[in-house]
Every structure is written in C-alpha cells, then in structure tokens.
Amino acid sequence: MSRDWEAYVGGFGGGGVEPHNSFNIWYSQGSLHQFNQGQMPGEPPIQGWEVSDWELEIDRLFENCVKELDERKRQEIYSRFQQIVQEQVPFFYLVNSLSLQAVRDRITPIKFSALNGAFWNLYELMPIQD
C-alpha cells in the first residue's frame, strides 16, 4: 500500500490548550498521525517507509513531557516541539472556529484566547468580591 499523496484535507477538533491532548496526531505511531503515515495495525509493512529524525524528536519530547510535573520544564519541552513544527510544517490549519461566550462582569480575570475562548484559564477565574 502506498500513501504517496500530494495533499490531505482533514479536520481535528477538541484538544483544548493542553498540548498532550494532540499526542495521537503528532506521535509517529499515532492512529491520527496523517503525515508520513506508517502502516496501520493488520496492514503489511510499507516498503521504504521511515520515520524522520524530527518526527522521532517529537515522539521523544511528548514522551518526556507526559512524565514532567514542573510547569516551567513542560513549557520548555513544548516550546521545542513548536519550534520543530514551525520549521518542518507537516500540516497547517486553515480554519479557527468562531468562539462566542458570555461571561458575567463579576468574573475575573478574563483572558480571551483563540485556542479555547474565554474559559481556557477556568482554574484562575474568580468572582469579584464587593
């Protein structure tokens, strides 16, 4: 079986702001890994298929990050992941959905994000005390 295509248009949803939620897309053996896709379970091997060095680096970064509890170190690891993706551009996003949320004026700090609307920092939100 060959996976020699020029383009793939697909849609991924969900995920939120936690980068590890997209592990299955970025991990070279992930079932949603759509670029340089290897064999699926039950399929014969694809002749000549190899995981690139940068894909293996992403695998390593995700594997390390899932074990890291220090938020600063996790940010450093995921920053390296983002740098690799920016350099290699294995796919790019065509659409960012419109996000509308209503929030009472008594809730703070609202920090809107295109990634997940007004509630991406839900753990920080608190009512304003009178």
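Throughout, numbering of the chain's residues begins at 1 and tracks the sequence. Any value given below was found using the heavy atoms of this structure, including those in side chains, with hydrogens, waters and symmetry copies removed.
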Applying salt bridge (Lys or Arg N to Asp or Glu O under 4.0 Å), run through E55 and R60 and close with a yes or a no.
-> CA-CA 9 Å; E55 288 176 287; R60 187 188 68 73; over 6 Å; no
Examine the side chains of S31 and N24 and answer whether a donor and an acceptor come within less than 3.5 Å of each other.
-> yes
Greater than 12 external heavy atoms within 6.0 Å of D70's CG | yes
Give the intermediate values and the outcome of side chain to side chain contact (heavy atoms under 4.5 Å, CB included) for residues W26 and L61.
-> CA-CA 10 Å; W26 292 104; L61 292 168; over 6 Å; no
For the residue pair Q82 and Y78, establish whether any side-chain heavy-atom pair is separated by less than 4.5 Å.
-> no
Plane angle bin for H20 and F62 - parallel if under 30°, tilted between 30 and 60°, otherwise perpendicular | tilted
N36 and W49: side chain donor to acceptor below 3.5 Å = yes
Distance (rounded to the nearest 0.5 Å) between D59 CG and H33 NE2 | 7.5 Å
Rounded to the nearest 0.5 angstrom, the CZ-SG distance for R74 and C65 is 4.5 Å
Enclosure of E87 CD (heavy-atom neighbours >12, cutoff 6.0 Å) | yes
May I ask you to test the I58-V85 pair for a side-chain heavy-atom distance under 4.5 Å?
-> yes
Near E124 CD, under 6.0 Å, is it more than 12 heavy atoms from other residues, nucleotides or ligands?
-> yes
Can a salt bridge be assigned to the pair K73 and E76 using a cut-off of 4.0 Å between side-chain N and carboxylate O?
-> no
Do the side chains of Y27 and V66 join up, straight or via other hydrophobic residues, at under 4.5 Å, putting them in one cluster?
-> no
CD (Q83) with more than 12 external heavy atoms under 6.0 Å = yes
Would you mind reporting whether R80 and I84 have side-chain heavy atoms less than 4.5 Å apart?
-> yes
Could you give me the CA-CA distance, side-chain angles and deciding distance for F81 and W54, then say whether ring pair (Phe, Tyr, Trp, His ring centres under 6.0 Å) is met?
-> CA-CA 9 Å; F81 155 70; W54 64 267; 9.9 Å; no
